[in-house]
Every structure is written in C-alpha cells, then in structure tokens.
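Numbering of ligands and ligand atoms starts at 1, following listing order. For reference, positions follow the sequence shown, starting with 1.
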Amino acid sequence: MARNPNTVAQDAGANAALIEIQAGLGKPQKALSPKWLYDEIGSQLFERICEQPEYYIPATERAMLEEHANALDAFCGTRCIVIEPGAGSAEKTAILLGALDQPAAYVPIEISPTALQACKRRIAHEFPNLAIMPLVGDFTAEVALPRIGNLQWRRRVLFLPGSTIGNFDPDTVRELLTMWKRMAGVHGGLIVGVDLRKPREILEAAYDDAAGVTAQFNLNLLRRLNREFGADFDLDAFRHRAVYNDALGRIEMHLVSLRQQRVHVGGESFDFANGETIHTENSYKYRPGDFAELALSAGWGRRDLWIDAQSRFSIHCLDA
Ligand code: AVI
C-alpha cells in the first residue's frame with residue numbers, strides 16, 4: 001500500500017532529529033539544541049519563567065517600551081510595517097503597535113501554526129483596523145515577505161524583543177543581523193532587545209529561580225526525549241544547573257548527571273559519569289558598545305540606544 005507522503009516526510013524529519021540528538025549526546029561535552037526545550041509543556045513553562053521575580057527581562061523590557069513610546073513612534077514613522085521574527089505570543093508587540101501613530105501592517109513570523117493563530121487573534125482583537133499578515137516559518141531562515149498589494153507603507157521595521165538574540169553565538173547573530181537587514185530593505189529599521197552583562201548572582205538567580213520553574217523547563221527536555229524519541233532518561237537522576245561563564249559573557253544551562261549511568265536514545269546508548277553534564281542552552285549577555293559594534297559589522301547603523309535605570313537591559317534601534 002502506498003504511504004501517505006506526509007507521514008513519510010514526518011518520519012524523515014523525526015529520523016534527522018534523532019540523528020542530531022544522538023550526535024549531540026555523543027560529543028565530549030554532551031550538548032542538545034535549545035530548540036528541544038520548546039514543546040507544548042516547555043513553551044508553557046517558559047511563559048511561567050517570564051512571571052518569576054528573578055527573571056527580570058520581560059518586566060524591564062516592557063517598562064522600557066512603555067517609557068520610550070514616543071521615540072518608538074518617531075523611529076518607525078507613519079505607515080510602517082512591523083515584522084516580528086519568532087513572534088510567539090506577541091506580548092510586547094502590542095506595546096509597540098500601541099505606541100505607533102498609524103502602523104500599516106503587522107507581519108508575525110512563527111514556526112508553530114497554533115502559536116501564530118493565537119498571536120493573530122490577540123493582535124486583531126487589540127488592533128481591529130490593522131492589516132495582519134502571518135507567516136509560518138523558522139525565524140532564523142530568510143522568508144519571502146507577503147505581497148502587500150495596494151497598501152500604502154513607508155518603512156519596514158523588524159522587532160526582536162526578549163533578548164531572543166542572546167540564545168545564538170555572536171557569529172550567528174552577525175549572520176542573522178545581515179539577513180534581517182536584507183529583509184528590512186532600504187530605509188528599513190530594527191528594534192532589538194539585548195540583555196546586558198551584570199553581576200553573576202543576578203544572572204544565575206534569573207536562570208535558576210527559587211520556585212524551580214527554570215529547572216522544570218530544563219528537565220522537561222529529557223521528558224520530551226523519553227516521549228518522542230523512546231529515550232529512558234531517569235529525570236530524578238539529573239538536575240538543572242545555570243552557571244555564568246564570565247569569559248564568554250553567557251549564562252549556560254546544563255543538566256547534571258547525579259550518578260554514573262547509562263541512557264538509551266533510539267537504540268544507542270550513552271554513558272554518563274557522576275557530575276557529567278548535557279549543555280542545553282546559552283544566553284549571551286552584552287556590553288552596550290559590543291552589541292552596537294556587532295550590529296555595525298552586519299551593516300546596521302545606530303539610531304537610539306536605551307538602557308534601564310538599573311543597567312539590566314538594552315534596546316537598540318538600528319537603521320538599515
Ligand atoms: C528565550 N530566551 C531569550 C530566554 C533567555 O533568557 O535566554 C530563554 C530562557 N532560558 C531560561 N530562561 C529563559
């Protein structure tokens with residue numbers, strides 16, 4: 001019997017994913033991509049992380065966007081198209097759109113069709129007269145923007161809040177910034193939230209909150225591997241660790257093996273020494289000047305730079 005082509009494609013995708021995971025666990029420093037953190041439960045846990053008092057990023061950035069509403073309006077100008085790669089729940093976008101005098105359209109780009117629909121509903125509810133053109137896609141890939149038809153617009157501005165950019169290493173950030181400059185086009189702009197370097201205690205607490213939500217978020221990755229890839233991780237035999245790597249300016253999340261053990265993933269076995277870790281995420285923190293330089297090297301020019309009163313977070317407004 002002929003197989004459904006969708007099932008064949010899904011099988012091929014799952015196989016490629018398994019190969020990637022096995023390769024990561026076979027490295028001298030075991031590592032898994034942070035993308036595996038975001039299944040449905042992981043995405044819900046991330047929303048809860050954003051409510052934890054130690055995780056200062058969302059509240060700080062929200063307050064900054066509200067404080068700089070007039071400057072955001074001046075930066076975007078009238079009839080601007082706001083493009084948001086990796087829109088998620090578009091929670092901060094409502095603040096940006098609300099600050100703009102006459103936005104022409106909103107283009108959220110999101111890999112999860114369900115999240116994209118929820119984002120569209122949310123923004124349509126708050127801005128009933130705004131044209132919304134959702135795009136399903138991986139925000140790290142260059143996507144063709146939708147045809148705008150006879151809509152009048154003056155400038156495209158990309159919006160990247162939340163320090164999402166911090167989850168990529170600086171060389172990848174340069175490549176992404178270069179790609180986003182092409183997407184923004186001539187006269188385009190970029191508003192990007194970038195987390196700042198700060199004392200280790202603040203950073204490590206932000207990624208290891210007292211309520212244990214970030215720990216659950218990290219450990220959920222193993223639960224996902226058990227469910228989706230037939231792995232046999234014992235979740236009680238690992239614990240979450242967040243450590244600031246000062247030399248590289250990044251928070252690293254790891255899962256630490258609490259004993260010597262052997263784990264099976266998709267027919268392959270992986271040995272862990274007591275204390276050995278799986279590296280699951282990096283979150284880079286920048287000095288304001290260092291990020292501006294990185295953006296400059298990708299062809300962007302600086303217009304505005306805002307830093308909150310406690311020097312925790314920065315927002316860069318850049319011109320293409
Ligand atoms: C999504 N990203 C910007 C978060 C961060 O701060 O790096 C992910 C996160 N991981 C643990 N807490 C938050």
Does the residue Y284 have a heavy-atom contact with ligand 1, meaning some pair of atoms that are separated by less than 4.0 Å?
no
Report yes if the distance between the aromatic ring centroids of F127 and Y106 is under 6.0 Å, otherwise no.
no
Residue-ligand contact G162/ligand 1, heavy atom below 4.0 Å:
yes
Test ring-ring contact (aromatic ring centres under 6.0 Å, His included) on Y284 and F291; report intermediate values, then the result.
CA-CA 11 Å; Y284 282 84; F291 187 82; over 10 Å; no
Return a yes/no value for Y55: is any of its N or O atoms, backbone included, closer than 3.5 angstrom to an N or O of ligand 1?
yes
F270 six-ring face occupied by K30 cation (under 6.0 Å, within 45°):
no
Determine, using the 4.5 Å side-chain heavy-atom cutoff (strictly less than), whether Y55 and I41 are members of one ILVMFWY cluster.
yes
Looking only at N/O atoms, are T214 and ligand 1 under 3.5 Å apart anywhere?
no
In this structure, atom 10 (N) of ligand 1 is nearest to the protein heavy atom E281 OE1, 2.7 Å
Have a look at I278 and tell me which of L32, V256, V263 forms a side chain to side chain contact (heavy atoms under 4.5 Å, CB included) with it.
L32
Linked, directly or transitively: L97 and L158 (ILVMFWY side chains, under 4.5 Å):
no
Taking only heavy atoms of Y38, which atoms of ligand 1 are found under 4.0 Å from at least one of them?
1 (C), 8 (C)
Under 4.0 Å to a heavy atom of F217 - the qualifying atoms of ligand 1, by number:
10 (N), 11 (C)
Decide yes or no on ring-ring contact (aromatic ring centres under 6.0 Å, His included) for Y207 and Y244, but give the supporting numbers first.
CA-CA 10 Å; Y207 289 82; Y244 183 54; 9.7 Å; no
What is the closest protein heavy atom to atom 2 (N) of ligand 1, and at what distance does it sit?
N167 OD1, 2.8 Å
Hey, does K285 come in under 3.5 Å of ligand 1, counting only N/O atoms on both sides?
no
Nearest heavy-atom neighbours spanning I165 and G193
CG2-O, 4.1 Å
Name the closest protein heavy atom to atom 7 (O) of ligand 1, giving the residue it belongs to and the distance to 0.1 Å.
S283 OG, 2.6 Å
Ligand 1 atoms in contact with S163 (distance to a heavy atom under 4.0 Å)
3 (C)
